[in-house]
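Here the structure comes first, spelled out in structure tokens, and everything after it is commentary.
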Amino acid sequence: MSTDYKQMWESLGMDIKAHDELLEVLNQGYSDIYLSQKNRPEGMKYFDFVMSEVHGLRIKELVDAKKQGKKVIGSYCVFVPEELVIAADGISVGLCAGADFALEQVENYLPRNTCSLIKSAIGFKIGKVCPYLECADMVVGENTCDGKKKAYETLSEMIDNFYLMDLPQIKNEEGKKLLKNEIEKFKNKLEEITGNKITAESLKKGTEIVNNKRKALHRLQNLRQEKTVPVSGLDALLINQISFYDDPVRFTDSLNKLCDELEERIKNNISAYPEKRKRILISGCPMAVPNWKVPFVTESVNAVIVGEESCIGERGIRNLTNDNAKNISEFIDNITNRYFLIDCAVFTPNEERKKNIIEMAEKYKADGVILYGLNFCQPYTMEAFPLEKELEKRNIPAIKIETDYSQEDMGQLQTRIEAFAEMI
Ligand code: BJ8
């Protein structure tokens, strides 16, 4: 980090010593995993810079924006509509965390057999190590899996600006009505907290900004479907992760520039991995920063990840929001229609996800699929069983991997993934 941000972190009420420890691990991991890669596109320098300043310059931007009266809205789930936040002149940031922190203290609040994503969210709050969480004017949780639902009861006692969105679990008319109602309530809450009225005009602008970000990510995904893999799966995951923190317009510009470069690389047959590697689709739980474990292991054997069926990946950005609306009410319908398509494993039944994974495996010309689940994540680890069978029926090899944020099973994962890559 180029500047000393200690004073800023202190002003946010963070625990400086604990935060220094976290940054040290983060920086070391980044250098070992990311900066050691070869054949990286030039355009990745922007994303390296953003990562190096993810707790520094970006937080300063948020703090400065707050001084100008803007509100920062943090969320844990891709069901929280970013277009509405931008339409209210707010700033949307992702809060999901990908590292264990204050684990012993977390287990005073949550059972040990809780998924790492949830434990990490609580650990980051207890440890006061996440500047995004500490500077958020409103923290939005959602009723998705049981673990999150119950953990939010605990989290809401720890922070005074918590807002809960209810979500359907079945895709029928009643479910859609529930979602629409929650989106309307969220809009009203945003207007209250920001003091800004959301208009059809501001919503059109907000939708355009978010759709452009999604389109740039689609461009990246399309380029990864080519025979020449122009960018590593690790770098593509990083870009998806950064999309939750960075300024959306700047992010979109930088990603489009990178995509221009990737198109050139494909034309000139320049791959992230010059040797032929097995193409892997990874599917399942979201991977938040700095959870790079399974992609790192996968790309350290003879394989490359070409696509992510994940909320930090294609599931989160697959669909655009239709901005063809004359008034707020039509916009709310369009937003509801768009978000109702998200195929999170908390839905039952969830046939769309099956269909989407099969389509992705074909589009990305995957040699195999890793069905990735965090330990104790019932929705995704349970869906992995029928998905594995369905993929095998179509002669698409699949492997179920269950893990957490610890480093203890690295050797075992490497052995399994290496054997899988050899077998396919
Ligand atoms: S829309 S995937 S971001 S809920 S890993 S906490 S499911 S036990 S994260 Fe998610 Fe929204 Fe769905 Fe996407 Fe529970 Fe599983 Fe933990 Fe999970």
Side-chain angles (χ1 to χ4, degrees), residues 74-82 92-100 106 109-125 139-155 163-171 175 178-179 182-183 186 214 237 240-241 243-245 282-289 291 293-294 308-319 335-336 338-348 350 352-353 356-357 370-385 387 400-406:
S75 64
Y76 291 100
C77 179
V78 296
F79 265 101
V80 179
E82 192 179 348
S92 168
V93 291
L95 294 176
C96 284
D100 287 330
V106 172
Y109 294 89
L110 301 174
R112 182 167 293 195
N113 56 352
T114 305
C115 90
S116 292
L117 203 90
I118 297 173
K119 279 188 187 166
S120 175
I122 300 290
F124 273 33
K125 181 61 214 169
V139 173
V140 188
E142 32 28 81
N143 280 342
T144 44
C145 66
D146 285 352
K148 271 183 158 185
K149 258 187 287 202
K150 301 312 283 182
Y152 289 141
E153 291 176 10
T154 304
L155 188 66
Y163 177 84
L164 185 71
M165 249 181 108
D166 197 13
L167 288 180
Q169 311 232 317
I170 297 184
K171 292 201 173 167
L178 191 154
L179 181 63
E182 287 298 313
I183 287 174
F186 181 58
R214 292 173 184 142
L237 171 63
N240 277 289
Q241 290 172 333
S243 72
F244 287 84
Y245 303 103
I282 195 152
S283 163
C285 294
M287 292 176 187
V289 176
N291 176 15
K293 183 164 92 171
V294 172
E308 299 78 21
E309 191 277 321
S310 158
C311 284
I312 303 182
E314 192 153 327
R315 191 184 318 121
I317 48 105
R318 181 175 289 125
N319 301 296
I335 293 173
T336 307
R338 189 261 165 204
Y339 283 82
F340 202 55
L341 291 171
I342 297 174
D343 56 350
C344 173
V346 300
F347 281 93
T348 180
N350 195 13
E352 291 105 311
R353 183 161 173 245
N356 285 330
I357 294 174
I370 294 180
L371 296 163
Y372 165 80
L374 285 170
N375 289 340
F376 315 116
C377 168
Q378 282 161 346
Y380 284 95
T381 54
M382 283 200 180
E383 278 197 358
F385 284 83
L387 283 173
K400 297 196 291 297
I401 296 278
E402 270 183 59
T403 184
D404 55 19
Y405 288 174
S406 77

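What's counted below: heavy atoms across the whole structure, side chains too, no hydrogens, waters or symmetry copies. When a ligand or atom number is given, it counts from 1 through the structure's own listing order.
The side chain to side chain donor-acceptor pair (under 3.5 Å) check on Lys293 picks up Thr403, Asp409, with sequence neighbours excluded. The ring pair (Phe, Tyr, Trp, His ring centres under 6.0 Å) search around Tyr109 returns none, not counting sequence neighbours.
Note that CZ of Arg315 and CD1 of Ile357 are 7.5 Å apart. Values are rounded to the nearest 0.5 Å. Here OH of Tyr380 is found 11.0 Å from SG of Cys115. Values are rounded to the nearest 0.5 Å. If you take CD1 on Ile370 and CD1 on Ile282, they are separated by 4.5 Å, rounding to the nearest 0.5 Å.
With respect to the salt-bridge test (charged N to carboxylate O, under 4.0 angstrom), the residues Lys119 and Asp100 do not qualify.
Between Phe79 and Tyr339, the two ring planes are tilted [angle within 30° to 60°].
Residue pairs that meet the salt bridge (Lys or Arg N to Asp or Glu O under 4.0 Å) test with at least one member in residues 370-383, sequence neighbours left out, are Arg353-Glu383.
Of all atoms in ligand 1, listed by their number and element, those nearer than 4.0 Å to a heavy atom of Thr144 are 4 (S). Numbered from 1 in the order shown, with element, the atoms of ligand 1 that lie under 4.0 Å from a heavy atom of Cys344 read 1 (S), 2 (S), 4 (S), 12 (Fe). The Cys77 neighbourhood of ligand 1 comprises atoms 1 (S), 3 (S), 4 (S), 11 (Fe), with distances under 4.0 Å to a heavy atom of that residue. Every atom of ligand 1 with a heavy atom of Phe79 under 4.0 Å away is listed here by number and element: 1 (S).
Ranking the protein heavy atoms by distance from atom 13 (Fe) of ligand 1 puts Cys311 SG, 2.3 Å first.
Taking a cut-off of 2.8 Å, the protein N, O or S atoms nearer than that to atom 16 (Fe) of ligand 1 are Cys115 SG.
Contact annotation for Ala345 and ligand 1: no heavy atom of the residue comes within less than 4.0 Å of the ligand.
Put simply, part of Arg315 is less than 4.0 Å from ligand 1, judged by heavy atoms.
The closest side-chain heavy-atom distance from Leu117 to Ser120 is not below 4.5 Å.
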